[in-house]
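Here's the structure, in structure tokens; my notes come after.
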Amino acid sequence: MKKWNVASVRASKGVRKLGCCTAYDACFARLADEAGVPILLVGDSMGMTVLGYGTTLPVKMEETLSATAAVARAAKDALVVADLPFGSYQCGDDLAMENAVKCIKAGADAVKLEGGARVCGLIKRMTEAGIPVLAHVGMTPQSVNEYGGFKRQGKTREAADQVLADAKAVEAAGAIAVTLECIPSELAAEITAALGIVTVGIGAGPVCDAQWLVMHDLLGLNESAPSFVKQYAHLADDVRRAFSAYVAEVADGTFPPAQER
Ligand code: KIV
């Protein structure tokens, strides 16, 4: 398999649907890469899946950079995308550029940021600087305080038109793909048909060109995953079983076994 790049992601539209997921460390990134996952997102969802926060907002730039470097070291074929954390691109375009450059220097092939028309200036500037950008519209988790919770977006015709306009705007600004999170599937279908770039849905129905799943959800490590998630494994059970077997075997003297002479 050849390394995924911007051109092959763009060329996949209408040809092949891409099953993509998040990764936050070298161990799981290597396994996902070996299994053929085309795009690995070092998502700011790590704030919730790995760092134990209730939202993505506390994630720091240094945490994103260290996770991005780990994933990039392990991924041979996948396109590695670093998710710019909250605060890294809201405090001025120069700082945003510096942070995007740091992600690329850490090994990312592209960056992702949240927002529609309001981040188009940044998308254009990053693209012109040679930094490929994945956009993210619909429910953008970094706006959780604005929404008052992680709430499905685009439910009225007016709200749907706003999401559609945002998606068209990020495409015009140069985004290579756009995440559509938690919007009605009819709206995701409408956007997918209207755009020439790949739409990557999460909680946005089956018609998108690609899908994201958060790795801990798809592997069954997160037992309170959203209802749209399909768990392809139930690792939480396996991991708990393994830990308790180990604790029990040490307690009863079964492990470690007596050394053979
Ligand atoms: O951080 C993340 O996991 C994401 C996905 C929702 C795409 O942005």
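Whatever order the structure lists them in is the order used to number ligands and atoms, beginning at 1.
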Ion pair present between [X] and [Y], side-chain N to carboxylate O less than 4.0 angstrom?
X: Lys102; Y: Glu98; value: no
X: Asp209; Y: Lys13; value: yes
X: Arg157; Y: Asp161; value: yes
X: Arg30; Y: Asp33; value: no

Per-atom contacts, ligand 1 versus [X] - under 4.0 Å to a heavy atom:
X: Gly43; result: 1 (O), 2 (C)
X: Val214; result: 3 (O)
X: Asp83; result: 1 (O), 2 (C), 8 (O)
X: Leu41; result: 2 (C), 4 (C), 5 (C), 7 (C), 8 (O)
X: Glu181; result: 6 (C)
X: His136; result: 8 (O)

Given Ser143 and Asn145, is the side chain to side chain donor-acceptor pair (under 3.5 Å) satisfied, shown in steps? CA-CA 5 Å; Ser143 306; Asn145 290 336; over 6 Å; no
Just distances here: any N/O of [X] and N/O of ligand 1 closer than 3.5 Å?
X: Ser45; answer: yes
X: Lys112; answer: yes
X: Tyr24; answer: no
X: Thr22; answer: no

Nearest protein heavy atom to atom 7 (C) of ligand 1, by residue and atom, and its distance? Trp212 CD1, 3.2 Å
From the list Leu195, Leu134, Thr192, Val200, side-chain contact (heavy atoms from CB on, under 4.5 Å) with Val178 holds only for Leu195
Heavy-atom distances under 4.0 Å decide this one: backbone, side chain, both or neither, for Asp44 against ligand 1?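 Within the 4.0 Å criterion, Asp44 contacts ligand 1 through backbone and side-chain atoms alike.
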Have a look at ligand 1 and work out which part of Val200, if any, has a heavy atom under 4.0 Å from it: side chain, backbone, both or neither.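 None of Val200 does.
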Leu31 versus Met215: any side-chain heavy-atom pair under 4.5 Å?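 Result no, sub-4.5 Å side-chain heavy-atom pair not found.
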Less than 4.5 Å apart, any side-chain heavy atom of Asp109 and any of Asn5? no
Is it the case that the side chain of Asp83 and the backbone of Asp44 share a donor-acceptor pair, with hydrogens and angles ignored and the cut-off at 3.5 Å?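 Here the side-chain-to-backbone pair exists.
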